[in-house]
Amino acid sequence: KQEVTQIPAALSVPEGENLVLNCSFTDSAIYNLQWFRQDPGKGLTSLLLIQSSQREQTSGRLNASLDKSSGRSTLYIAASQPGDSATYLCAVAYNFNKFYFGSGTKLNVKP
Amino acid sequence: EAGVAQSPRYKIIEKRQSVAFWCNPISGHATLYWYQQILGQGPKLLIQFQNNGVVDDSQLPKDRFSAERLKGVDSTLKIQPAKLEDSAVYLCASSLGQNQETQYFGPGTRLLVL
């Protein structure tokens, strides 16, 4: 059974801090891994997609890394802003784009 | 480009009643997904369509849940009869194909079963 775990479940930081969100998965034979953002009452927005052959992806202040051998991915957010407050979800695809989601990390960036 | 549309946005029903949700994916997207997201958890895939065919429905409780995508465009998810534990947000997503591509999500339908 594929399991995806995200730690911590919640995180509160002051504005301007750099932070790291963690995602671990039990089966390393993945096709890709995707990080999403979810705002309250809204759907998910894709942030970064890492193919199994890649080690990292970057978009603006966001950087996601993938280490298949250890079953881990991290999402690095630089210079956090209050607008970054949301729940961040990690999803792992094993085949045909079937994603297994973690429970998410709820981030609060304080002004 | 219009995003994934879902309706209704909210629904409150009593247990044993029936309910249906509608999803219109992004134009040209062949793959459509329905997810169930219970409060505090990540989304769980219920069913995946490729055009009008079912690719995966292994986690769909088929005794009460059904879904169709007859013309390979929009889709309907039905629950009959509903149980208290079906209270959740039902998310629809679509992607261009099924080969490790980005999924685009709709705003979801929040269901409360009393």
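Everything quoted here is computed from the prediction, not taken from an experiment. Just so we're on the same page: letters track the sequence lines, and every chain starts at 1.
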(message) Quick check on A:Gln6 against chain B: is it the side chain, the backbone, both or neither that has a heavy atom closer than 4.5 Å?
(response) neither
(message) Within residues 56-92 of chain B, which residues come under 4.5 Å of chain A, heavy atom to heavy atom?
(response) B:Asp56, B:Ser58, B:Gln59, B:Leu91
(message) Here's a test for you: under side chain to side chain contact (heavy atoms under 4.5 Å, CB included), which of A:Leu47, A:Asn32, A:Leu49 qualifies with B:Thr102?
(response) A:Leu49
(message) Please classify the contact between B:Gln37 and chain A as side chain, backbone, both or neither, with a heavy-atom cut-off of under 4.5 Å.
(response) side chain
(message) Could you report the tightest heavy-atom contact between B:Pro43 and A:Leu89, atom names first, then the distance?
(response) CD-CD1, 4.2 Å
(request) Decide whether A:Ile50 and A:Tyr76 are clustered together by the hydrophobic rule: side chain heavy atoms of Ile, Leu, Val, Met, Phe, Trp, Tyr closer than 4.5 Å, transitively. (result) no
(request) State the OH-CG distance between B:Tyr104 and A:Leu44, to the nearest 0.5 angstrom. (result) 13.5 Å
(message) I need the residue from A:Tyr100, A:Phe36, A:Phe101 with the largest number of non-hydrogen atom pairs under 4.5 Å to chain B.
(response) A:Phe101
(request) State yes or no: are the ring centers of B:Tyr33 and A:Phe99 separated by less than 6.0 Å? (result) no
(request) Determine whether B:Trp34 and B:Val54 fall in the same hydrophobic cluster, where Ile, Leu, Val, Met, Phe, Trp and Tyr are linked whenever their side-chain heavy atoms lie under 4.5 Å apart. (result) yes
(request) Identify the heavy atoms of B:Gly40 and A:Ser103 that sit nearest to each other, and give their distance. (result) O-CB, 3.9 Å
(request) Please answer: with hydrophobic residues joined when any side-chain heavy atoms are less than 4.5 Å apart, are B:Tyr10 and B:Ile13 in the same cluster? (result) no
(message) Atom CZ of residue position A:Arg72 - does it have more than 12 heavy atoms of other residues, nucleotides or ligands inside 6.0 Å?
(response) no
(request) Using a cut-off of 6.0 Å, state whether more than 12 heavy atoms not belonging to B:Leu39 lie near its atom CG. (result) no
(message) Using a 4.5 Å heavy-atom cutoff, which residues in residues 105-113 of chain B come close to chain A?
(response) B:Phe105, B:Gly106, B:Pro107, B:Arg110
